[in-house]
Amino acid sequence: MLIGELATRTGVSARLLRYYESQGLLRVRRDINGYRVYDEDAVTRVRQIKALLGAGLSTEQIRVVLPCASGENPRLDLCPELRELLEGQLRAVDDRIEQLRRNRLALEGLAGEVRV
DNA sequence: ATTCTCACA
DNA sequence: TGTGAGGA
């Protein structure tokens, strides 16, 4: 399939699909006219990328763990390496939440009444 | 009609 | 990440 079809089937713009490719997240062939040609599993690939991106992973992190990720659905099969990364990410997010909590409290103290 | 690359009031 | 230019 061409980029337009993959875009409509994944809900990811052609622009972004080209960006994913430039970041080494998507491998794609070209035909003689230079058009990108994707195979069926590209749809799955993009879904996995979206899921990982949505979890806050950087394209660099995704690039290294994507090869050990498999699975059709929006569900992702995690190889141990990927699991570790995600767990670390989870801890990092918790730390950030805590830090923001402190920032919020400090802000309240400085600004007085703060409506949220 | 689609896609490609490059670049940015 | 959108958008437009200039080609194929």
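Order of the sequence lines fixes the chain letters, A, B, ..., with proteins taken first and strands second; residue numbering starts at 1 for each chain. We use all heavy atoms of the structure for the numbers below, so side chains are in, but hydrogens, waters and symmetry mates are not.
A:Glu87 places no side-chain N or O within donor-acceptor distance of the main-chain N or O of A:Glu84, the cut-off being under 3.5 Å. Distance alone, capped at 3.5 Å, places no donor-acceptor pair between the A:Arg36 side chain and the A:Leu2 backbone. In this structure, the side chain of A:Lys50 engages the main chain of A:Thr10 through a donor-acceptor pair within 3.5 Å.
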Next item on the list: Apply the test side-chain contact (heavy atoms from CB on, under 4.5 Å) to residues A:Arg9 and A:Glu40: give CA-CA distance (whole Å), side-chain angles for both, the deciding distance (0.1 Å), then the verdict.
Entry: CA-CA 11 Å; A:Arg9 285 175 59 178; A:Glu40 285 308 308; 2.9 Å; yes
Margin query: As a quick check of understanding, evaluate side-chain contact (heavy atoms from CB on, under 4.5 Å) for A:Tyr20 and A:Thr59, giving each step before the final call.
Written below: CA-CA 8 Å; A:Tyr20 290 169; A:Thr59 54; 5.8 Å; no
Margin query: Does A:Tyr38 form a side-chain contact (heavy atoms from CB on, under 4.5 Å) with A:Ile3? I'd like the steps, not just the answer.
Written below: CA-CA 7 Å; A:Tyr38 302 87; A:Ile3 198 170; 3.7 Å; yes
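Residue A:Arg45 comes nearest to A:Leu66 through the heavy atom pair NH2-O, 3.5 Å, listed as atom of the first residue, atom of the second, then distance.
The gap from the P atom of C:dG6 to that of B:dT2 amounts to 22 Å, rounded to the nearest Å.
Taking atom OH of A:Tyr35 as the reference point, atom P of C:dG7 lies 16 Å away to the nearest angstrom. Atom CG in A:Leu25 sits about 15 Å away from atom C1' in C:dT1, given to the nearest Å. The NZ-P distance, from A:Lys50 to C:dT1, rounds to 10 Å in whole Å. Straight-line distance from the CG atom of A:Asn33 to the C1' atom of C:dG7: 13 Å, rounded to whole Å.
For A:Arg15 and A:Gly34, each mapped to the nucleotide of DNA chain B holding its nearest heavy atom, the one lying further toward the 5' end belongs to A:Gly34.
Chain A approaches DNA chain B within less than 4.0 angstrom (heavy atoms of the protein), and the contacting nucleotides run 5' to 3' from B:dT2 to B:dA7.
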Note to self: For Watson-Crick and G-U wobble pairs within 3.5 Å on both distances, what is DNA chain C written in dot-bracket notation, | included for inter-strand pairing?
What the structure shows: .|||||.|
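Residue A:Met1 forms a side chain to side chain contact (heavy atoms under 4.5 Å, CB included) with just one option from A:Val37, A:Asp39, A:Val43, and that option is A:Val43.
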